[in-house]
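Numbering starts at 1 and runs along the sequence shown. The figures that follow rest on heavy atoms only: side chains count, while hydrogens, waters and symmetry mates do not.
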Amino acid sequence: MTAEPTGSAASEGPAGAAGSDIEPTQEQSTTTRSWLRDHSELGVCVLLLAIGTLVLTDALTMSVDIAQRGPIGPRTVPFVVGSALLLVAVLLAVDVLRGGRGEAEGGEDIDLDEPADWRTVLLLSGVFLATAVLIGPLGFPIAGALLFWGSAYALGSRHYDRDPLIAAVLSLATYFLFDNLLGVPLPGGPLMGVI
């Protein structure tokens, strides 16, 4: 005497087979989403790789006939930065694929419940935009000093006697470094004949 299959076992004929075909597809998409979520840092790797490639491509196509004054020219810094970006992208990708994960922000001085400081973000954005607009008519020494001093102010420094002096020294040092040592001409503006 053999037992008849029960209703649940009998109903797993063609319909049960079709149901089992659908479930792996859903499981695969869930598994794919889970894998991508666990390896989301690979997006940063792709971004760094793209930026590094762009910087190196731009450096290779740069015209240096006018500004070249020796073995170190305007291409040196883009080559170093682009190569470093590619190296960091590869090393980060290897670390992520081996199971490395970035730690979530934490610490005793960080409150993750606090909202973003939009005032600082807007002040810094305004300083950068003002520098981009003023660098042509005022030149780099003045626009750079405004950039350094405005950034310090936006980030909370309130030393009105010291900050403008430090900003002016940093701006002039940057101007001389790029214009005289690296051969990258920066606009001098009205101070062109003075410095």
Side-chain angles (χ1 to χ4, degrees), residues 36 39-105 107 110 120-157 162-189 191-192 194-195:
L36 288 174
H39 297 87
S40 60
E41 291 93 346
L42 290 175
V44 176
C45 300
V46 170
L47 180 65
L48 290 173
L49 189 69
I51 293 173
T53 304
L54 178 67
V55 169
L56 286 176
T57 303
D58 195 35
L60 288 172
T61 59
M62 181 186 297
S63 173
V64 295
D65 296 336
I66 298 172
Q68 186 73 33
R69 294 184 184 171
I72 297 178
R75 287 185 177 175
T76 304
V77 172
F79 272 125
V80 170
V81 170
S83 301
L85 285 169
L86 293 180
L87 179 65
V88 168
V90 169
L91 292 176
L92 181 61
V94 168
D95 181 52
V96 169
L97 292 174
R98 287 184 176 174
R101 292 184 54 99
E103 290 184 23
E105 273 192 86
I110 298 174
T120 302
V121 171
L122 291 175
L123 280 173
L124 281 174
S125 300
V127 166
F128 287 128
L129 289 174
T131 302
V133 170
L134 296 174
I135 198 167
L138 296 181
F140 184 83
I142 296 174
L146 292 174
L147 170 70
F148 293 131
W149 179 71
S151 299
Y153 180 83
L155 293 173
S157 179
R162 181 185 68 187
D163 289 346
L165 293 175
I166 294 172
V169 169
L170 278 174
S171 180
L172 287 173
T174 305
Y175 178 77
F176 280 119
L177 174 72
F178 278 89
D179 196 56
N180 295 335
L181 298 179
L182 293 177
V184 178
L186 294 175
L191 297 178
M192 192 67 170
V194 178
I195 52 175

CG (L86) and CG (L91) are apart, to the nearest 0.5 Å, by 11.0 Å
Closest non-hydrogen contact found for L186 with Y175 is O-CE1, 3.6 Å
What one should report as the nearest heavy-atom pair of S171 and A145 is OG-N, 3.2 Å
So CZ of F176 and CG of L182: to nearest 0.5 Å the spacing works out to 14.0 Å
Taken to the nearest 0.5 Å, the spacing of I142 CD1 from L147 CG works out to 13.5 Å
Rounded to the nearest 0.5 Å, the CG atom of D179 sits from the CZ atom of F140 at a distance of 10.5 Å
Show every donor-acceptor pair shorter than 3.5 Å between a side-chain atom in residues 42-62 and any protein atom, with sequence neighbours excluded, or say none if there are none.
unit_1 : atom_1 : unit_2 : atom_2 : d
T53    : OG1    : L49    : O      : 2.8
T57    : OG1    : T53    : O      : 2.7
T61    : OG1    : T57    : O      : 3.1
T61    : OG1    : D58    : O      : 3.2

Output a table of donor-acceptor pairs, distance under 3.5 Å, between side-chain atoms of residues 121-138 and any protein atom two or more places apart or on a different chain; print 'none' if there are none.
unit_1 : atom_1 : unit_2 : atom_2 : d
S125   : OG     : V121   : O      : 2.9
T131   : OG1    : V127   : O      : 2.8

On a heavy-atom basis, the closest approach of A167 and W149 is CB-N, 3.5 Å
